[in-house]
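Reading through the structure tokens given below for one structure.
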Amino acid sequence: MLIERSAFLASLEGLLGEALDGPGRLVFLGGEAGVGKTTLAAALSAAALSGARPAPAVRRGSCDSVTTAEALGPILDALPELATAIDGADGANRLRLFRQVRDVLGAAPMLLLLEDVHWADEATLDILRFLGRRLAGARLMILATFRSEEVGHEHPLTVMMGDLAGLPGVVRMYLPPLSAAGVRQLLGQ
């Protein structure tokens, strides 16, 4: 159940609708740990799959802090069919790999959910930078969540988001904590 998040969900649904019509979207959704980013992403996914229009494919990838981040780990989670291409990529083939990822993501309407990108490896941030500059014509929305308290001014994610700031299709949203009334409602449920 979403508490104090319906306006955010409506905004994300609007961005998804725009993205599925052709000009792709890359949305960075930040907020404190536990504020509801994952719940909101799940609600967007459910809305996408139950909408009136043909449902987009929904793919998911996650970053974590359990081990050293695997290069392109969340992309591999979301697109396991690219495992061979990702494993065989080296620096010389990186641009070719990034184009291949974009082609797979843009082949059909898609919602790509990437969780906890504040823990993402350099290659994942590079591919987000690459994709953020090439959203035109893609029927794709990427929703990348991050913990705002873990992302300082020098953090690679902050730098990458700064590189993409102002580009068409790139959006940054911040999910605030619940109000006291919202917390009471949550506890009551």
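Heavy-atom basis, side chains included; hydrogens, waters and symmetry copies ignored. Everything numeric here is computed off the predicted structure, so don't read it as measured data. Sequential numbering from 1 along the given sequence is applied to the chain's residues.
In this structure, T39 OG1 and R5 CZ are separated by 9.0 Å, a value rounded to the nearest 0.5 Å. Residue L16 holds its CG atom at 11.5 Å from OG of S11, rounded to the nearest 0.5 Å. For the atom pair CG of L164 and CZ of F130, the computed distance is 12.5 Å after rounding to the nearest 0.5 Å. Rounding to the nearest 0.5 Å places CG of D121 at 10.0 Å from CD1 of I127. Going from atom CE of M141 over to atom CG of L113 covers 8.0 Å, rounded to the nearest 0.5 Å. Taking CD1 from I3 and CG from L186, the interatomic distance works out to 4.5 Å, rounded to the nearest 0.5 Å.
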(request) Please report the C-alpha distance between M173 and L175 in whole Å, then the side-chain angles of each, then the deciding distance to 0.1 Å, and finally whether the side-chain contact (heavy atoms from CB on, under 4.5 Å) criterion is met. (result) CA-CA 7 Å; M173 297 174 72; L175 197 58; over 6 Å; no

(request) Evaluate the criterion side-chain contact (heavy atoms from CB on, under 4.5 Å) for residue pair L76 and L82; output intermediate values, then yes/no. (result) CA-CA 7 Å; L76 187 55; L82 291 177; 5.6 Å; no

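Looking at R147 and W119, their side chains come closer than 4.5 Å, going by heavy atoms from C-beta outward. Side-chain contact between F98 and R134 is absent, with no heavy-atom pair separated by less than 4.5 Å. Side-chain contact check for V58 versus R60: some heavy-atom pair is nearer than 4.5 Å. Counting heavy atoms from C-beta outward, E32 and P177 have side chains that approach closer than 4.5 Å. Within the 4.5 Å cutoff, side-chain heavy atoms of R102 are placed close to those of L131. With contacts defined as side-chain heavy-atom distances shorter than 4.5 Å, the pair R25/L111 does not qualify. Within the 4.5 Å cutoff, side-chain heavy atoms of L97 are placed close to those of L72. Within the 4.5 Å cutoff, side-chain heavy atoms of L2 are placed close to those of L40.
For the side-chain contact (heavy atoms from CB on, under 4.5 Å) test with L114, the passing option among L143, D77, L128 is L128; the others fail. Just one of P74, S62, C63 meets the side-chain contact (heavy atoms from CB on, under 4.5 Å) condition when paired with E115; it is S62.
Taking both residues in full, the closest heavy atoms of L135 and L26 are given as CD1-N, 3.8 Å, listed atom of the first, atom of the second, then distance. Counting all heavy atoms, side chain and backbone alike, A71 lies closest to A123 at CB-CB, 4.4 Å. Nearest approach of A120 to L125, heavy atoms of both residues: CB-CD2, 3.9 Å. Summarising the geometry of E13 relative to A47, their closest heavy-atom pair is OE2-CB, 2.9 Å, with the distance given to 0.1 Å. The minimum heavy-atom distance linking M110 with R59 is given by the pair SD-CG, 3.7 Å. The minimum heavy-atom distance linking H155 with E150 is given by the pair CD2-O, 3.4 Å.
For CD of E154, the number of neighbouring non-hydrogen atoms (other residues, nucleotides, ligands) closer than 6.0 Å is 12 at most. Counting non-hydrogen atoms of other residues, nucleotides and ligands closer than 6.0 Å to CD of Q185 gives a total above 12.
Neither F28 nor L12 shares a network with the other; the hydrophobic side chains, linked directly or stepwise wherever heavy atoms of I, L, V, M, F, W or Y lie under 4.5 Å apart, form separate groups for each. Cluster annotation: L49 and L9 are assigned to the same hydrophobic cluster (Ile/Leu/Val/Met/Phe/Trp/Tyr, side-chain heavy-atom contacts under 4.5 Å, transitive). By the rule that hydrophobic residues join a cluster once side-chain heavy atoms approach within less than 4.5 Å of another member, L20 and V170 end up as members of separate clusters. A single hydrophobic cluster is not seen to contain both Y174 and L44; linkage of ILVMFWY side chains at heavy-atom distances under 4.5 Å, directly or through other members, places them apart. Taken together through direct or relayed side-chain contacts under 4.5 Å among Ile, Leu, Val, Met, Phe, Trp and Tyr, L157 and I142 form part of one hydrophobic cluster.
With K37 contributing its side chain and L29 its backbone, the two residues share no donor-acceptor pair below 3.5 Å.
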